[in-house]
Number of protein chains: 2
Amino acid sequence: MKRSARHIFDQYLQENGIRRSKPREQVFDIFINTETHLTVLKLYELTKARYPNIGYATVYRAMKIICDAGIADEINFGDGFKHYEHKYGHEHHDHMICTECKELIEVLNPEIEEMQQALAQAYDFTITNHRLQIFGVCGKCKKEQG
Amino acid sequence: MKRSARHIFDQYLQENGIRRSKPREQVFDIFINTETHLTVLKLYELTKARYPNIGYATVYRAMKIICDAGIADEINFGDGFKHYEHKYGHEHHDHMICTECKELIEVLNPEIEEMQQALAQAYDFTITNHRLQIFGVCGKCKKEQG
DNA sequence: TTGATACTGATAATCATTTTCAGAAAGAAG
DNA sequence: CTTCTTTCTGAAAATGATTATCAGTATCAA
Ligand SMILES: [Mn+2]
Ligand SMILES: [Mn+2]
Ligand SMILES: [Zn+2]
Ligand SMILES: [Zn+2]
């Protein structure tokens, strides 16, 4: 049977003596029910909309724990903001970002992944993680611009 | 015959009405003679060592222009600092970064580059640039750790 | 119920980068 | 060489995302 993110999270809190506080649960609730790439500000706004007492710092703190638990992943797109996406139950993937409309396309090419491994081996390098971000213009934006 | 970075830079300044000021030339001099990936602070220190009057803000300003001229490239390794590397006269390449000793290995795999193009085409996406950073542990560090 | 301890929201601090600004330098014209 | 306009400079202040601080509050095992 499938272990839910909820279960994984509970177990992580348990094992690390982290309390199941209300504000933390609220951030978790909003994050887990929003399937997009979220910035801290956006996450704060969404949480605040439903749970008006939430504090900005708490969102940062909660997301750090949610990442540590393996539920979320922090992404750096080089725009000066932290972004979060779902990790648990999601395959690794890379990102294609349209610099016009900011659309984000998740892509995965197993061959590219393999070649990175081969490349690393040639240097006796052991990969722990990688980041591939492709920037450009999406089909829609190309049409709109002629 | 080969057009030097110096020539390219002069032409860029000329065409954009940017003056050939002394401090700007000093930063250019240090950058062009340092073949490593430089942070702004490091660049400032190196420049200051030879030209004590240089200001920190001037290094930022000069590097922006040097990048615009196509001589340097700004890299974001996600460590909170801007890094600069030589662009003019250097082939595109990706980076492998050892998270232990911070060593930087420049790599290039033409097949990976091609597959990115193929991947983009499948989405009707036109690539303007990309960033591939591979993090892990280098051979040296693996030995030292047993 | 209680007591130790983790957690909270508000706020201040941090720190790389950017902006501001008054004085200095570049460079075109004469 | 002088003059004049405009760009440039260094120092210092501002910015803005993230982190740390702190006094009061909530959690939860006992
Ligand atoms: Mn994603
Ligand atoms: Mn490089
Ligand atoms: Zn687009
Ligand atoms: Zn290493």
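All values reported here derive from a predicted model rather than from experimental measurement.
- Between the A/His86 side chain and the A/Phe31 main chain, a donor and an acceptor come within less than 3.5 Å of each other.
- Closest to the B/Val40 side chain, of the nucleotides D/dA20, C/dT17, D/dT9, is C/dT17.
- Residue-level contact check: B/Ile18 touches the backbone only, with heavy atoms under 4.0 Å from sugar-phosphate atoms and none from bases.
- For B/Arg19 and A/Ile54, each mapped to the nucleotide of DNA chain C holding its nearest heavy atom, the one lying further toward the 5' end belongs to A/Ile54.
- You'll find that the side chain of A/Lys22 is closest to D/dT27, out of D/dT27, C/dT11, D/dC8.
- If you check every strand for non-hydrogen atoms under 4.0 Å, B/Phe81 touches sugar and phosphate atoms only.
- The side chain of B/Ser21 sits closest to C/dA26 out of C/dA26, C/dG27, C/dC7.
- Applying the 6.0 Å contact sphere to CD of A/Glu91 captures no more than 12 heavy atoms from other residues, nucleotides or ligands.
- The distance from atom OH of B/Tyr56 to atom P of C/dC15 is 13 Å, rounded to the nearest whole Å.
- OP1 or OP2 of C/dT18 has not a single side-chain nitrogen or oxygen of B/Tyr60 nearer than 4.0 Å.
- Between the CG atom of A/Leu13 and the C1' atom of C/dC7 there is a distance of 13 Å, given to the nearest Å.
- Out of D/dC8, D/dA20, D/dC28, the shortest distance to the side chain of A/Arg20 is found at D/dC28.
- Between C/dT18 and B/Lys82, a contact under 4.0 Å exists linking OP1 or OP2 to a side-chain N or O.
- If you measure from atom NZ of B/Lys64 to atom C1' of C/dA16, you get 17 Å, rounded to the nearest angstrom.
- Here the C1' atom of nucleotide D/dC8 and the CZ atom of B/Phe28 are 18 Å apart, to the nearest Å.
- Note: OH (A/Tyr44) to C1' (C/dT8) measures 13 Å, nearest angstrom.
- Counting non-hydrogen atoms under 4.0 angstrom, A/Leu41 reaches nothing in the nucleic acid.
- With D/dC8, D/dT18, D/dA20 as the choices, the nucleotide that has an atom nearest any side-chain atom of B/Arg24 turns out to be D/dC8.
- Annotation: the span from B/Arg6 atom CZ to B/Ile8 atom CD1 amounts to 11.5 Å, rounded to 0.5 Å.
- Side-chain N or O atoms of B/Gln133 include none that pairs as donor or acceptor with a backbone N or O of B/Gly78 at under 3.5 Å.
- Between B/Asp79 atom CG and C/dT17 atom C1' there is a gap of 14 Å when expressed in whole angstrom units.
- Judged purely by atom type and a 3.5 angstrom limit, A/Arg24 uses its side chain to pair as donor or acceptor with the backbone of A/Arg19.
- Atom CG in A/Asn53 sits roughly 13 Å away from atom C1' in D/dT25 (whole-Å rounding).
- Here the P atom of nucleotide C/dG27 and the CD atom of B/Gln14 are 10 Å apart, to the nearest Å.
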